[in-house]
S.K.: 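Input: one structure, supplied below.
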Number of protein chains: 2
Amino acid sequence: MMLTERQLLILQVIIDEFILNAQPIGSRSLSKKDEINFSSATIRNEMADLEELGFIEKTHTSSGRVPSEKGYRYYVDHLLPPQAPKLADMQKIKSVFAERIYEMEKIVQKSAQILSELTNYTAIALGPKVKENKLKKIQIVPLNKETAIAIIVTNTGHVENKMFSLPPSFDVNEIEKMANILNDRLTGVPLMELKDKIFKEIVVLLRQHIHNYDGIVTALADTLNVSKPRKLFFGGKTNMLSQPEFHDIDKVKMLLSMIEQEKGIYDLMKQNPAGIHVKIGRENNNSALEDCSLITATYSMGPEEVGTIAILGPTRMEYSRVISLLHFFTADLTTLLTKLYQKQ
Amino acid sequence: MMLTERQLLILQVIIDEFILNAQPIGSRSLSKKDEINFSSATIRNEMADLEELGFIEKTHTSSGRVPSEKGYRYYVDHLLPPQAPKLADMQKIKSVFAERIYEMEKIVQKSAQILSELTNYTAIALGPKVKENKLKKIQIVPLNKETAIAIIVTNTGHVENKMFSLPPSFDVNEIEKMANILNDRLTGVPLMELKDKIFKEIVVLLRQHIHNYDGIVTALADTLNVSKPRKLFFGGKTNMLSQPEFHDIDKVKMLLSMIEQEKGIYDLMKQNPAGIHVKIGRENNNSALEDCSLITATYSMGPEEVGTIAILGPTRMEYSRVISLLHFFTADLTTLLTKLYQKQ
DNA sequence: GTTAGCACTCTATAAGCTTGAGTGCTAATA
DNA sequence: TATTAGCACTCAAGCTTATAGAGTGCTAAC
C-alpha cells in the first residue's frame with residue numbers, strides 16, 4: 001500500500017488546495033499547477049488509485065475529488081509542509097505575554113482569545129489543575145450569625161471561596177482559633193487531599209479546642225472539597241459560522257450547543273497527552289464534531305504539565321499553520337508560567 | 001387614530017396567530033377563527049385600514065399580513081392577554097429557589113439558565129452592583145517575595161481578589177500590620193469609595209506605621225479600585241437558532257457575535273429602569289437586534305434594586321407568557337435575596 | 001507508462017408553467 | 001350605511017425542462 005512519489009504529490013496538492021478553497025479539485029485544474037507536469041489523464045488514473053485506497057473521495061459520480069478523513073490523517077502524519085509561524089503572529093503573541101498579567105486564569109483566558117483571533121477558528125483552553133495546587137492559606141470570614149465564607153489561597157495564587165452555614169449557636173469567636181489550627185496543619189497540602197486530611201488529622205485537634213465542633217467540620221470539609229472540574233475558556237466561539245461547511249443551520253446548532261454545554265468539550269480536553277495532537281473528524285467520537293478537527297497542545301509550569309489549549313476548526317483547517325502556531329505559543333506560555341510561579 | 005373594537009380584535013388575533021406560527025395571516029383564515037364573525041371581505045377592508053395606520057404589513061403585494069413593530073408595540077401596550085404563569089413553570093421556579101445556594105452570583109447564573117429553559121429564548125442576567133457592596137474584610141496574602149494577593153470580602157459575601165507586585169525589599173512582616181490598619185479604617189465602606197478613602201485617610205496612617213509605604217499604597221489602591229463592569233450571565237445562547245426567523249446564517253452570526261462580545265448587551269442592560277420593560281426590534285438601537293425584542297426586569301434586595309434580568313427573543317416572541325413569567329420570577333428572586341442577605 | 005480524445009454523468013442555473021393563497025375593487029344585499 | 005359575495009389580478013413556491021460546464025472513465029494511439 002506504499003504510495004508513489006507522484007501519488008504523494010497529488011494527494012498533497014489536492015489537500016492544500018481544498019484547505020484553501022473548500023472546492024472539489026478536478027484533474028484538469030490540478031494539471032495546470034506549477035508543481036505538476038503530467039497530463040490530466042495521468043492524474044485521473046492516479047486519482048482513481050488514491051480513491052480506491054481511501055485517501056480521497058468524490059462528492060458525486062462526476063465531481064472533482066475531496067480529501068477523506070484518511071487522507072487528512074495521512075497528510076497530517078506525513079505530508080505537512082514544515083512552517084514557522086508568521087513574524088506578525090509571533091509578535092502578537094509576544095506582545096500578549098509581555099503584558100503584566102498575574103492571575104493564571106487571566107493568562108489562560110487571554111490565550112484562548114488571542115489564538116482564536118490569530119487562527120479564525122475556535123480556541124479552547126483548559127485551565128490549570130487546581131486540585132494539585134498546594135494550600136497557601138485558609139481564611140474564614142463570618143458574614144453574620146448563620147453564614148461564613150471560607151477562602152482558600154493556593155501556592156499559584158488561585159483563590160477559591162465558598163459560603164457555608166454555621167451550626168446554630170456556634171460561637172463566632174471560635175472561628176479564628178479554628179482557622180489557625182487549619183493553617184498550621186494544612187499549609188502545603190494539595191487541595192485534593194484536604195478533605196481526607198481534615199477527617200483523619202484535624203478532627204481530633206478540633207475536638208480538643210473547639211466547642212460544638214462536629215457541625216462545622218462537615219460543613220468545612222464539604223466546602224474545602226474542591227471537586228470542581230477544571231475551568232474551560234473559549235475564544236471565537238462563533239468563528240466556525242464563517243466556514244463554508246457550516247452554512248447548514250442544523251450543523252451550527254449542534255456544534256454550538258455542544259460548545260455551550262461544555263461537558264463534551266471537557267471530556268475531549270481532559271485526556272491530554274503531552275505535546276501536540278490532532279484529532280480529525282470522527283476520531284473525536286462526537287457526532288457534533290464530525291466535520292471538525294481538534295488540535296490540542298499541552299503547556300507546562302516548570303517540569304509539570306498543567307493545562308491544555310486547543311484549536312477547533314473544520315476538518316479542512318490549516319493544520320500546518322495552526323500546529324506551528326500552537327508550538328510557538330505553548331512554548332512561550334510555558335516559559336512565562338514557569339518564570340511567574342516557579343519561584344516560591 | 002382611535003381603533004375600533006373590531007380593528008383591535010383583528011389586530012390582536014393577527015399578532016397572536018403570527019406569534020404562534022410565524023406565517024403571514026390572510027383574511028380567509030382569519031374569518032374562520034371562532035372569535036371572528038364577519039366575512040373575509042370585511043376583514044380585508046379592516047386590514048387595509050390597519051395597514052394604512054402602520055400596524056400590520058404585507059411581505060409582498062398578495063401576501064397575508066404580518067405585524068409591524070408599531071403593531072407589536074400597540075399589542076404590548078394595550079392588547080396583552082393577561083396571563084398567570086403555568087403551574088408547572090411556577091413549580092420549577094420555586095424548586096430552584098428552594099435549593100440552598102448561597103453565593104449571589106450562582107443564584108443569578110442559575111436564574112438565567114432556568115429562564116432560558118422555561119422560555120426557549122435567551123436569558124441574560126446582569127449581576128449585582130458590586131461597587132455598592134460594603135467592605136467586610138480585606139486580607140493580604142503574600143505569595144512570595146515579589147507578589148501578594150489582596151482579597152476583599154463584601155457584606156453580601158462577594159469575594160474579589162487580585163494579585164499585585166510588592167515593592168522591592170518590602171518587609172513581608174509589615175503586611176499584617178497594614179491589613180489591620182486597612183480593616184480598622186475601611187470596614188463598612190462601599191467598594192466604590194475605597195480608593196478615594198485610601199488616599200485621603202489611610203496614607204497618613206500608613207506613613208506612620210509602615211516602612212517603605214509609598215510603593216505599596218498605589219499598588220493596593222489600584223487593586224482595590226473595583227471598576228470592573230458588572231458581570232453578565234447567559235442562558236440558552238443558542239436558543240435563537242431554533243427560531244424560524246434565524247434560518248439565515250448571517251443574521252445568526254451577527255447576533256451571536258454581539259452576544260459573545262458582551263459589550264453591546266451590557267450597554268442595553270445597564271440602563272435598567274425599575275420594573276418590566278419591553279424593547280421591540282429597532283427600539284433596541286442595534287442592528288444585530290433588528291428582529292429581536294428584549295424584555296428586561298429588575299430584581300431587588302430589600303428596598304434596593306440590585307440587578308436586571310432579561311429575555312431576548314425574536315420580535316415574534318410570546319410577550320404575554322414571558323412577561324408573566326418574569327413578573328413571578330423576579331418577585332421570588334427578590335424575596336430570596338432579601339431573606340438571605342438582609343439580615344446582617 | 002503516458003496522453004489525447006471521446007462519450008458520458010452530474011450539478012447548478014435559468015426559464016417556463018402551474019397552483020394556491022392572498023389581495024383590491026365593485027356591485028349587490030341587509 | 002355597513003356588510004358581503006364575487007371576480008380579476010398578483011405573487012411566491014414548487015415543479016419541469018433545457019443548457020452549460022466541470023468533471024470522470026475508458027480506449028486507443030504515442
Side-chain angles (χ1 to χ4, degrees), chain A residues 2-11 13-18 20-68 71 244-245 247-248, chain B residues 2-11 13-18 20-68 71 244-245 247-248:
Chain A
M2 198 55 196
L3 295 182
T4 66
E5 277 300 308
R6 194 162 67 187
Q7 286 172 326
L8 290 181
L9 176 62
I10 290 176
L11 182 57
V13 176
I14 287 177
I15 299 185
D16 283 340
E17 195 67 11
F18 188 72
L20 215 60
N21 302 315
Q23 294 295 329
I25 296 101
S27 56
R28 211 177 108 79
S29 65
L30 256 194
S31 70
K32 284 191 195 136
K33 295 248 124 199
D34 285 350
E35 309 94 297
I36 288 181
N37 297 309
F38 17 91
S39 75
S40 63
T42 309
I43 296 172
R44 279 200 289 285
N45 289 331
E46 297 287 29
M47 280 173 139
D49 289 350
L50 283 172
E51 180 167 12
E52 206 163 311
L53 292 168
F55 293 107
I56 53 181
E57 298 168 344
K58 287 190 273 197
T59 59
H60 57 86
T61 35
S62 73
S63 77
R65 301 309 210 290
V66 150
S68 67
E245 31 272 272
H247 272 333
D248 174 12
Chain B
M2 197 54 197
L3 296 181
T4 66
E5 276 300 309
R6 194 163 67 188
Q7 286 173 326
L8 291 181
L9 176 62
I10 290 176
L11 181 57
V13 176
I14 288 177
I15 299 185
D16 283 339
E17 195 67 12
F18 188 71
L20 215 59
N21 302 316
Q23 294 295 327
I25 297 102
S27 55
R28 209 175 111 80
S29 64
L30 257 194
S31 71
K32 284 190 195 139
K33 295 247 122 200
D34 285 350
E35 309 93 298
I36 287 181
N37 297 309
F38 18 91
S39 75
S40 63
T42 309
I43 295 173
R44 279 201 288 284
N45 288 330
E46 297 287 29
M47 281 173 140
D49 289 351
L50 284 171
E51 180 167 10
E52 206 162 311
L53 292 169
F55 293 107
I56 54 181
E57 298 168 343
K58 289 190 272 197
T59 60
H60 58 86
T61 33
S62 72
S63 77
R65 301 309 211 290
V66 150
S68 67
E245 31 272 273
H247 272 332
D248 175 11

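Just so it is clear, the values below take in all heavy atoms, side chains as well, and ignore hydrogens, waters and symmetry mates. So that the names make sense, note that chain A is the first sequence line, chain B the second, and so on, each numbered from 1.
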S.K.: Is there a donor and acceptor pair, one atom on the side chain of A:Arg44 and one on the base of C:dG5, closer than 3.5 Å?
M.R.: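 Under the 3.5 Å cut-off, the side chain and the base do form a donor-acceptor pair.
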S.K.: Got a donor-acceptor pair under 3.5 Å from the side chain of A:Arg28 to the base of D:dG23?
M.R.: no
S.K.: Hey, what bend do you get for the helix from C:dG1-D:dC30 to C:dA30-D:dT1 if you fit axes on five pairs at each end, rounded to 10°?
M.R.: 20°
S.K.: About how many Å separate CG of B:Leu50 and CD of B:Gln7, when rounded to the nearest 0.5 Å?
M.R.: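 One gets 5.0 Å once the value is rounded to the nearest 0.5 Å.
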S.K.: Under 3.5 Å, is there any donor-acceptor pair linking the side chain of B:Ser62 to the base of C:dT23?
M.R.: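 Such a pair does not exist between side chain and base.
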S.K.: Would you mind telling me which of C:dT23, D:dT24, C:dT3 lies closest to the side-chain atoms of A:Lys58?
M.R.: D:dT24
S.K.: Tell me the interatomic distance from A:Glu46, atom CD, to C:dT3, atom C1', rounded to whole angstroms.
M.R.: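 Going from CD in A:Glu46 over to C1' in C:dT3 covers 13 Å.
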S.K.: Between atom CD in B:Glu52 and atom P in C:dC25, what is the gap in whole Å?
M.R.: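 To the nearest whole Å, that distance equals 10 Å.
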S.K.: Tell me, do A:Glu51 and A:Lys58 make a side-chain contact under 4.5 Å, heavy atoms counted?
M.R.: yes
S.K.: In whole Å, what is the span from the CE atom of B:Met47 to the C1' atom of D:dT4?
M.R.: 16 Å
S.K.: Please report, rounded to the nearest Å, how far the P atom of C:dT23 is from the CD1 atom of B:Ile10.
M.R.: 11 Å
S.K.: Compile the donor-acceptor pairs under 3.5 Å between side chains in residues 23-30 of chain B and protein atoms, sequence neighbours left out, one pair per line.
M.R.:
residue: B:Ser27; atom: OG; partner: B:Arg44; partner atom: NH1; Å: 3.1
residue: B:Ser29; atom: OG; partner: B:Gly26; partner atom: O; Å: 3.1

S.K.: Please work out if B:Thr42 contacts a base, only the sugar-phosphate, or nothing of the nucleic acid, heavy-atom cut-off 4.0 Å.
M.R.: base
